[in-house]
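Atom set for the values below is all heavy atoms of this structure, side chains included, hydrogens, waters and symmetry mates excluded. Here is how names work: the chains are called A, B, and so on, in the same order as the sequence lines, proteins then strands, and each is numbered from 1.
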Protein chains: 2
Amino acid sequence: MPRGNCRGQGWWHGKFQGCGYRLTAGREAILDILSKSEGHLSAEDIYMKVHPKYPNVGLTTIYRTLDVLSNLGMVSKLDFGDRRARYELAEGPKGAHHHHHLVCTDCNKVVDYTDFIDDEVELLRETEKGLGAKYNFKITNHIIQFYGLCNKCSAKK
Amino acid sequence: MPRGNCRGQGWWHGKFQGCGYRLTAGREAILDILSKSEGHLSAEDIYMKVHPKYPNVGLTTIYRTLDVLSNLGMVSKLDFGDRRARYELAEGPKGAHHHHHLVCTDCNKVVDYTDFIDDEVELLRETEKGLGAKYNFKITNHIIQFYGLCNKCSAKK
DNA sequence: TTGTTAATGGAAACCATTTTCATTAAGGAG
DNA sequence: CTCCTTAATGAAAATGGTTTCCATTAACAA
Ligand SMILES: [Mn+2]
Ligand SMILES: [Mn+2]
Ligand SMILES: [Zn+2]
Ligand SMILES: [Zn+2]
């Protein structure tokens with residue numbers, strides 16, 4: 001029977017063990033928030049959501065934890081050009097929900113899309129292989145983003 | 001016969017006229033430096049290169065001018081994740097030298113590549129059309145970047 | 001040449017993120 | 001369970017690229 005304050009039951013529990021990281025309340029709080037939230041949260045967004053339930057987790061820890069999670073590949077750090085990093089859960093254990101982003105340069109609206117994703121992923125894989133070989137890079141990651149005006153913003157002009 | 005201090009003869013002269021922008025010494029200095037430099041310069045890089053010849057052009061003007069040039073489409077603003085914007089001339093009048101970037105996450109080395117660019121551009125064009133229609137976006141721009149470790153950095157580990 | 005006003009430079013402000021450092025607590029050893 | 005090592009933390013201060021402010025200058029149309 002689980003104790004009241006029982007931690008370490010999340011699907012991510014094992015992820016920390018192997019890497020020598022400690023499983024702390026702050027880290028769980030952040031993963032918890034990320035897995036329950038839609039969208040692309042900034043460090044401060046996350047802080048605001050974590051704070052009511054864990055008032056003793058500071059913004060610094062949010063930054064540090066996001067960095068760790070990002071290095072572990074559990075969280076993706078995103079840049080939409082609005083001068084603050086944004087984060088989303090990379091993948092649940094369920095499997096892929098790989099997507100790319102479409103960004104409005106005016107109101108900063110962001111659309112997750114998976115259309116064309118298969119063609120994109122295939123081309124990316126080929127390109128990665130080719131570039132890696134030609135330039136001796138060990139490629140680990142890629143970005144594809146489209147920028148433009150959403151319908152509201154393009155009407156406004 | 002051109003006077004000694006004759007300005008306004010660059011290929012970009014006309015670009016300003018139509019848009020109500022004034023052709024100033026600072027703007028010419030920056031375009032001049034960008035067209036003579038290889039690579040991806042930060043605002044401060046540009047300031048350093050402009051300063052010896054135009055000591056009265058301030059860093060603020062560099063930022064403002066890069067913003068204007070970027071809006072005019074004459075300069076591309078780049079982000080390689082090293083916490084400072086970088087800039088490169090978008091296109092001379094000669095035509096396309098469209099390329100994408102391969103970035104080492106360790107030493108920040110950046111490779112311009114054009115390999116696979118035709119396949120990439122074709123897929124991008126299709127995707128842009130599809131996404132634009134589906135999500136009612138007027139897409140103006142895209143980013144593709146690959147991240148990884150260059151051979152030196154991956155040997156170092 | 002003159003007048004309008006866009007453009008400018010220097011200093012100060014901004015603000016997301018990082019660093020510092022004293023304190024706390026995760027988790028392995030015993 | 002208790003101890004111990006040291007990773008992790010919070011608060012406050014520092015950092016540093018970029019933006020804002022404002023008085024002054026100069027591009028260029030009339
Ligand atoms: Mn997303
Ligand atoms: Mn380039
Ligand atoms: Zn918009
Ligand atoms: Zn490298």
S.K.: Using a 4.0 Å heavy-atom cut-off across all strands, classify B/Arg64 as base, sugar-phosphate, or nothing.
M.R.: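 Base, at least one base heavy atom under 4.0 Å.
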S.K.: Nearest whole angstrom, please: distance from the P of D/dA7 to the CZ of A/Arg27.
M.R.: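 Going from A/Arg27 (CZ) to D/dA7 (P), I get 11 Å.
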S.K.: Going from CZ on A/Phe146 to NE2 on A/His100, what distance comes out if it is rounded to the nearest 0.5 angstrom?
M.R.: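 Rounded to the nearest 0.5 Å, the CZ-NE2 separation comes to 9.5 Å.
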S.K.: Within this structure, what is the NZ-to-P distance between A/Lys77 and C/dA16, rounded to whole angstrom?
M.R.: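 After rounding, the reported distance stands at 14 Å.
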S.K.: Tell me which of B/Gly58 and A/Glu44 sits closer to the 5' end of DNA chain C, going by the nucleotide each one is nearest to.
M.R.: B/Gly58
S.K.: A/Tyr21 has an atom OH; how far is it from atom P of D/dA8, in whole Å?
M.R.: 7 Å
S.K.: Can you check the A/Glu28 CD to C/dA25 C1' distance for me, whole Å?
M.R.: 15 Å
S.K.: Does OP1 or OP2 of D/dT19 have a side-chain N or O of B/Thr60 closer than 4.0 Å?
M.R.: no
S.K.: Between A/Arg83 and A/Asp79, is there a salt bridge with N-O shorter than 4.0 Å?
M.R.: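 A salt bridge is absent here (no side-chain N lies under 4.0 Å from a carboxylate O).
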S.K.: I want to check one thing: is the phosphate of C/dA16, taken as OP1 and OP2, less than 4.0 Å away from some side-chain N or O of A/Arg84?
M.R.: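 The answer is yes; a side-chain N or O of A/Arg84 sits under 4.0 Å from OP1 or OP2.
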S.K.: Between B/Tyr63 and D/dT19, is there a side-chain N or O to OP1/OP2 distance below 4.0 Å?
M.R.: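 No, B/Tyr63 has no side-chain N/O under 4.0 Å of OP1/OP2 on D/dT19.
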S.K.: May I ask you to verify whether the side chain of B/Arg22 and the base of C/dA6 hold a donor-acceptor pair under 3.5 Å?
M.R.: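 Checked by distance alone, the answer is yes.
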S.K.: For B/Asp82 and D/dG16, give me the distance from atom CG to atom C1', rounded to whole Å.
M.R.: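 Spelled out: CG on B/Asp82 to C1' on D/dG16 is 13 Å.
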S.K.: Between A/Asp115 and B/Lys134, is there a side-chain N and carboxylate O pair less than 4.0 Å apart?
M.R.: yes
S.K.: In whole angstrom, give the distance that lies between atom CG of B/Leu23 and atom P of C/dA6.
M.R.: 17 Å
S.K.: Figure out the CG/P separation between A/Leu59 and D/dT9, and round it to whole Å.
M.R.: 13 Å
S.K.: Quick check: do A/Phe16 and A/Leu69 have side-chain heavy atoms less than 4.5 Å from each other?
M.R.: yes
S.K.: Quick check on side chain to side chain donor-acceptor pair (under 3.5 Å): which of A/Asp112, A/Asp45, A/Asn108 does A/His40 satisfy it with?
M.R.: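 Among the candidates, only A/Asp112 passes.
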S.K.: For C/dA7, does OP1 or OP2 lie under 4.0 Å from any side-chain N or O of B/Thr65?
M.R.: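 No.
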S.K.: To the nearest Å, how far apart are B/Leu66 CG and C/dA7 C1'?
M.R.: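 In whole Å, C/dA7 C1' lies 15 Å from B/Leu66 CG.
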